[in-house]
Amino acid sequence: MMDSPHAGYILASYLLAAVIVAGLILLAVIDDRTQRKALEKLEAQGLRRRSTGKTGEA
Amino acid sequence: MLRFANPTLFLKLVRWLMPLAAGASAVLLGWGLYLVFAVSPEDYQQGATVRIMYIHVPAAWLALSCYSLMALSSIGSLVWKHPLADVSAKALAPIGAAFTFLCLVTGALWGKPMWGTWWVWDARLTSVLVLFLVYCGIMALWTAFDDPARAARPVAILTLFGFINVPIVKFSVDWWNTLHQPASVFRMGGPSIDPSMLTPLFVMASGATALMLALHLAGMRTEILRRRVRTLSQQLARQDGLNHDG
């Protein structure tokens with residue numbers, strides 16, 4: 001493949017795909033950790049959702 | 001199935017389904033990349049450039065699939081007003097936008113050596129660009145509201161309005177004379193691609209779909225947590241207000 005005159009285009013496509021996938025995964029992990037920490041902090045102050053144990057609320 | 005439409009039960013389901021989808025994605029994409037670079041042949045006309053297809057085509061399929069799922073979630077949001085439906089729609093928007101962006105850029109990277117141009121304003125390319133802009137508009141509308149429950153309805157209406165573009169993207173190559181080639185996989189009379197290229201394409205597409213599922217589940221879980229944080233923060237603000245008044 002590297003001897004192809006268009007190897008740069010192919011490489012750029014796969015690199016971009018890798019960057020986008022890595023970015024999506026990284027953002028998902030960071031966002032999840034941020035929300036988890038914020039929730040733990042609030043719950044440590046004794047706060048609980050009124051619907052805890054019930055169903056229906058997101 | 002409806003049992004899992006409850007956020008608490010859904011979170012339990014995500015706990016084992018998300019690692020499963022992420023694992024399947026890693027295995028399938030690894031296998032797919034091996035097939036793409038070590039097994040699949042070069043095209044007799046395009047040479048090695050055909051390898052861009054294994055990224056571009058799954059990205060295009062997922063761009064449309066994410067939007068279709070978002071439209072289904074929007075129906076759930078408008079008709080049943082179920083909070084998980086708008087959580088699902090909100091989590092899908094950035095994933096769909098990312099795959100649409102990848103489709104557009106890899107299309108340009110494929111177009112330059114094959115067509116001699118990065119871009120033409122033909123119906124397929126333009127309708128995919130419109131799809132990307134609609135995704136951006138939907139994400140902007142989500143952030144325009146403080147309360148996600150208030151945002152759900154206008155976002156769902158915009159999403160369903162934007163769904164008009166999905167069949168236009170799919171059938172643009174049949175309805176208009178485009179530089180972009182017509183469908184070569186999902187078409188009447190079966191795929192026109194050789195099995196030696198079709199197999200890696202399906203493996204890569206399956207891996208990308210599993211990745212999309214894992215990211216969607218992760219995004220939904222985070223959105224549920226975000227809404228819980230919001231509820232508790234409001235509760236805390238009310239308590240502080242009462243203490244201050246007292």
Side-chain angles (χ1 to χ4, degrees), chain A, chain B residues 5-10 22 25 29 33 36-37 42 46-52 54-56 58-59 82-84 86-87 91 94-95 98-99 101-102 105-106 108-110 112-114 148-149 208 211-212 214-215 218-229 231-233 235-236 239:
Chain A
M1 189 198 85
M2 294 314 288
D3 53 349
S4 161
H6 304 130
Y9 296 100
I10 304 165
L11 209 63
S13 296
Y14 281 84
L15 273 176
L16 178 74
V19 167
I20 287 178
V21 168
L24 282 171
I25 294 170
L26 202 67
L27 283 176
V29 170
I30 291 170
D31 202 10
D32 186 68
R33 280 189 187 167
T34 308
Q35 299 310 321
R36 242 171 240 284
K37 274 184 190 165
L39 194 61
E40 277 169 19
K41 206 173 155 187
L42 287 162
E43 284 177 346
Q45 293 179 52
L47 291 162
R48 290 283 181 276
R49 286 179 309 125
R50 275 171 294 178
S51 63
T52 303
K54 293 180 189 172
T55 59
E57 194 211 346
Chain B
N6 172 281
T8 306
L9 291 174
F10 174 79
S25 166
L29 287 176
L33 287 172
V36 168
F37 289 105
E42 293 189 356
Q46 300 188 40
T49 320
V50 74
R51 294 202 163 101
I52 297 175
Y54 304 110
I55 294 282
H56 175 75
H82 200 288
L84 261 191
D86 34 281
V87 163
I95 305 167
F99 281 116
F101 178 75
L102 181 61
V105 179
T106 53
L109 286 164
W110 198 5
K112 181 63 180 165
M114 293 299 105
L211 175 71
M212 185 269 276
L215 287 168
M220 284 182 74
R221 183 179 63 186
T222 307
E223 185 56 30
I224 290 170
L225 294 179
R226 195 188 329 276
R227 290 179 185 207
R228 288 182 176 177
V229 166
T231 306
L232 292 188
S233 299
Q235 208 176 308
L236 183 66
Q239 276 182 11

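Computed from a predicted model, the values in this text were never measured in an experiment. Letters A, B, ... are given to chains in the order of the sequence lines, protein chains preceding strands, and every chain is numbered from 1.
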Indicate the atoms forming the closest heavy-atom contact of [X] with [Y], along with that distance.
X	Y	answer
A:Tyr9	B:Leu109	CD2-O, 3.4 Å
B:Leu215	A:Ala28	CD2-CB, 4.5 Å
B:Ile55	A:Ser13	CG2-O, 4.4 Å
A:Leu42	B:Ser233	CD1-OG, 3.6 Å
A:Tyr14	B:Arg51	OH-O, 2.6 Å
A:Gln35	B:Val229	O-CG2, 3.6 Å

With rounding to the nearest 0.5 angstrom, report the [atom1] to [atom2] distance, [X] to [Y].
X	Y	atom1	atom2	result
A:Ile10	B:Thr106	CD1	OG1	12.5 Å
A:Thr34	B:Leu225	OG1	CG	11.0 Å
A:Asp32	B:Arg226	CG	CZ	10.0 Å
B:Arg221	A:Asp31	CZ	CG	11.0 Å

With only heavy atoms counted, which part of [X] is less than 4.5 Å from chain A, the side chain, the backbone, both or neither?
X	result
B:Val50	neither
B:Leu236	both
B:Leu211	side chain
B:Pro148	neither
B:Leu33	side chain

Practice task
Kindly indicate, with the supporting measurements, whether the criterion side-chain contact (heavy atoms from CB on, under 4.5 Å) is fulfilled by B:Gln46 and A:His6.
Solution key: CA-CA 10 Å; B:Gln46 300 188 40; A:His6 304 130; over 6 Å; no
Practice task
Flag the one option from A:Val19, A:Ile20, A:Val29 with the top tally of heavy-atom pairs under 4.5 Å to chain B.
Solution key: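 Maximum pair count with chain B is reached by A:Ile20.
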Practice task
Go through the atoms of A:Leu27 and report whether side chain, backbone, both or neither lie under 4.5 Å from a heavy atom of chain B.
Solution key: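 Neither part.
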